[in-house]
Amino acid sequence: MKKLESREDIEHLVNSFYAKVVKDETIGFFFTDVAKVDWNKHLPKMYSFWESILFGQMSYKGNPMGVHFPINEIQAMEQQHFDRWLKLWSTTIEENFVGENADMAIYKSENIAKLMAFKMELARRL
């Protein structure tokens, strides 16, 4: 196992993660049927997002929360969906990487999932 330490490592992680996501019965449909993700655009954004979070590169430009609200209006994004996202993400990291940045990627994703789940539920109530 290697350490998570470069953009190339992030690309491998993100690609491996989304290969699982699109096949997943719990959350895959959000990407394929609801959001109809353009992977040529989405994947580079995710590389930059995680590169910014883990390495402070500030290569990500965007508003992750803002992107998810319209999806949540079409199909409720609930706690179970974020739990599944988190499980797939953590498993993918643990299968490929070790070390401080791998641990940080899991820790940060837990915080992201909690915040997203809370805000999506709040938005559905308003």
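What you are looking at is a predicted structure, and each value in this text was computed from that prediction instead of being measured.
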Separation of Thr32 OG1 from Ile27 CD1 (nearest 0.5 Å)
10.5 Å
Results of ring pair (Phe, Tyr, Trp, His ring centres under 6.0 Å) for His81 - residues two or more places apart only:
Phe30
Name the one of Gln79, Gln80, Lys87 that satisfies side-chain hydrogen bond (donor to acceptor under 3.5 Å, both in side chains) with Asp83?
Gln79
Answer whether the closest heavy-atom distance between the side chains of Leu13 and Trp89 falls below 4.5 Å.
yes
First locate atom OG1 of Thr92, then atom CG of Asn15, and finally report the distance between them rounded to the nearest 0.5 Å.
11.0 Å
Output the distance between atom CH2 (Trp85) and atom OG (Ser90), rounded to the nearest 0.5 Å.
8.0 Å
Side chains of Trp50 and Val14: does their closest heavy-atom pair fall under 4.5 Å?
yes
Got a donor-acceptor contact below 3.5 angstrom from the Arg84 side chain to the Val21 backbone?
no
Quick check: closest heavy atoms across Arg124 and Ala76, and the distance to 0.1 Å?
CD-CB, 3.5 Å
For the pair Phe29 and Gln75, evaluate side-chain contact (heavy atoms from CB on, under 4.5 Å) and give the outcome as yes or no after the intermediate values.
CA-CA 10 Å; Phe29 75 96; Gln75 175 68 49; 3.6 Å; yes
Show me the side-chain donor-acceptor pairs of residues 101-117 shorter than 3.5 Å, one per line, residues at least two apart or across chains.
residue : atom : partner : partner atom : Å
Asn101  : ND2  : Leu4    : O            : 2.9
Ser109  : OG   : Ala105  : O            : 3.2
Ser109  : OG   : Ile106  : O            : 2.7

Excluding sequence neighbours, so at least two apart, what forms salt bridge (charged side-chain N to carboxylate O under 4.0 Å, His left out) with Lys2?
Asp9
Rounded to the nearest 0.5 Å, what separation is found between the CZ atom of Phe49 and the CD1 atom of Ile10?
11.0 Å
Result block: side-chain N/O donor-acceptor pairs under 3.5 angstrom for residues 53-70, not counting sequence neighbours:
residue : atom : partner : partner atom : Å
Ser59   : OG   : Ser48   : O            : 3.4
Ser59   : OG   : Glu51   : OE1          : 2.7
Lys61   : NZ   : Met58   : O            : 3.3
Asn63   : OD1  : Met65   : N            : 3.3
Asn63   : OD1  : Gly66   : N            : 3.0
His68   : ND1  : Pro64   : O            : 2.5

Determine all donor-acceptor pairs shorter than 3.5 Å in which one atom belongs to a side chain in residues 33-43; sequence neighbours excluded.
residue : atom : partner : partner atom : Å
Lys36   : NZ   : Asp33   : O            : 3.0
Asp38   : OD1  : Asn40   : N            : 3.1
His42   : NE2  : Tyr18   : OH           : 3.1

Which class fits the ring pair His12 and Phe97: parallel under 30°, tilted 30 to 60°, perpendicular over 60°?
perpendicular
Using a 4.5 Å cut-off on heavy atoms from C-beta on, say whether the side chain of Leu88 contacts that of Thr26.
no
Identify, with sequence neighbours excluded, every residue that meets salt bridge (charged side-chain N to carboxylate O under 4.0 Å, His left out) alongside Glu95.
Lys20
Taking atom CZ of Phe118 as the centre, does the number of heavy atoms from other residues, nucleotides or ligands within less than 6.0 Å exceed 12?
no
Reported CE-to-CD1 distance for the pair Met120 and Ile71, which is rounded to 0.5 angstrom:
8.5 Å
